Amino acid sequence: MAAGDVVEQQDQPWNRQRLRSTNERLLLERLRADGPTSRAQLARGTGLSKPTVSSALAALESAGLVREVGTHVPERGRTAVLYAPDPTAGHVLGVDIGRSWLRVAVADLDGTVVARSDVRNQARSSGAMADLVVSTARQVVADSGVAPVEVVHAVVGTPGVYDEEHRRVRYAMHLPGWGRAGLFDRMREELGVPLEVHNDANLAALGEYTYGVGAGSRLFAYILIGTGLGMGVVADGRLFTGAHGLAGEIGFLPWPGQQKPERLEDAVSGVAVVEAARRFGMRGQLTAKSVFDAARQGDDAAVRAVRLEGERIAHTVAVAAAVLDPDLVVLGGGVGHSVDLLLKPVRDNLRALTPLRPKLAPSRLGEDAVLLGAVATALGTAREVVFERRSAVS
């Protein structure tokens with residue numbers, strides 16, 4: 001083998017195969033990180049010899065894992081061919097299950113969404129909801145033009161925490177019956193795709209880190225405020241989920257209610273905003289969105305309800321700041337969409353509550369945070385699966 005290769009070549013066929021796989025994986029990761037790159041640039045960046053790079057690229061191209069994407073013409077020297085990973089080598093399925101909406105997307109290995117569907121969740125039972133997930137996912141795959149066999153991994157985001165041992169979701173209070181055992185096993189079987197289940201706030205945090213305002217943060221907390229309340233924590237690019245997957249379940253923290261002690265989720269949520277607005281005198285059919293819209297128009301009761309929500313969110317941020325010391329706290333979810341009204345009261349109350357001052361920011365991804373977090377999580381597994389499959393037959 002030429003000098004400069006990363007791993008010393010041995011004569012045994014098994015060692016030669018392992019070396020080949022190691023070099024190919026190294027080049028693929030480098031291309032994914034750096035974008036379109038020439039052979040010479042890959043050799044300089046990886047320490048592999050030019051003949052080894054050429055051989056590995058030829059194998060990757062033959063396997064359908066990389067492709068030529070253009071040329072580079074230097075001031076001196078010959079024109080160089082540029083290579084990049086082939087995003088169509090495999091696809092993933094991302095699913096966001098919420099109380100009001102079901103969002104499903106198919107993405108290629110670059111993370112580009114090639115088809116998606118957002119449908120109202122009008123399911124009246126957990127079984128009907130599982131059916132809706134399966135039928136919507138099948139339709140999105142069909143709309144994408146991707147063969148079902150090319151969808152190699154799926155990730156589902158849901159309220160609550162998935163209990164792998166008992167095969168069910170726990171603590172999904174806002175989705176009646178969703179804790180029934182076997183629902184996700186049924187989805188896996190009917191979709192024919194390996195499927196992971198994760199907490200929605202955790203996926204939203206990972207989505208925001210990968211595609212949104214959390215990029216580059218050392219440690220940030222994503223507070224998901226919608227029908228319920230949850231928090232996802234990303235530290236050094238990895239989700240922190242705790243010993244039992246329950247880290248971030250801040251909705252269970254006690255909150256001193258007027259009549260009896262409540263949970264923090266009862267005080268900081270879309271439902272709480274509506275209840276406060278009614279208490280302050282608003283009438284009619286109310287939603288959190290309509291209350292925030294009324295506050296923008298100067299309605300006194302709505303303004304007071306929003307101010308109260310800001311106070312309560314400030315308490316939530318103060319807890320996160322004291323326990324985690326994040327460099328960034330992102331506010332997202334349905335209520336988080338109205339951060340334009342909430343940031344000032346949150347900051348004002350935070351100053352009165354604690355000397356800790358984490359940076360606050362609205363979610364850049366909005367309602368897509370959970371879905372894109374599901375896609376990002378699925379890609380981590382899918383890229384490895386596709387590499388192993390295609391390398392084995394090339």
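On a predicted model such as this, the values are computed, not experimentally measured, just so you know.
Between V141 and H91, every side-chain heavy-atom pair lies at or beyond the 4.5 Å cut-off. Put simply, the side chain of L360 reaches to within 4.5 Å of the side chain of R347, judged on heavy atoms. Using a 4.5 Å heavy-atom threshold, the side chains of Y162 and H198 count as separate. V330 is not listed as a side-chain neighbour of I223, based on a closest heavy-atom distance of 4.5 Å or more.
Aromatic ring pairs are classed by plane angle as parallel below 30°, tilted from 30° to 60° and perpendicular above 60°; the pair Y209 and F220 is parallel.
Proximity of a side-chain donor or acceptor of R186 to a complementary backbone N or O of G127 within less than 3.5 Å is detected. Checked by atom type and distance alone, the side chain of R390 never pairs as donor or acceptor with a backbone atom of L65 at under 3.5 Å. Put simply, the side chain of S55 never gets that close to the backbone of T52: no donor and acceptor are under 3.5 Å apart. Looking only at distances, no side-chain donor or acceptor of S62 sits under 3.5 Å from a matching main-chain atom of A58. Side-chain atoms of N121 come within 3.5 Å of backbone N or O of A123 as a donor-acceptor pair. A side-chain donor-acceptor contact under 3.5 Å links E208 to the backbone of R364.
A salt bridge between E367 and K289 is absent, with no side-chain N of the basic residue lying under 4.0 Å from a carboxylate O of the acidic one. Classification of D143 and R116 as a salt-bridged pair fails, no side-chain N sitting under 4.0 Å from a carboxylate O.
Q41 and S38 share a donor-acceptor pair across their side chains, judged by distance under 3.5 Å alone.
Under the side chain to side chain donor-acceptor pair (under 3.5 Å) criterion, D86 pairs with T88, sequence neighbours left out. With sequence neighbours excluded, no residue satisfies ring-ring contact (aromatic ring centres under 6.0 Å, His included) with F280.
Checked against a 6.0 Å centroid threshold, the rings of Y171 and W178 do not count as neighbours.
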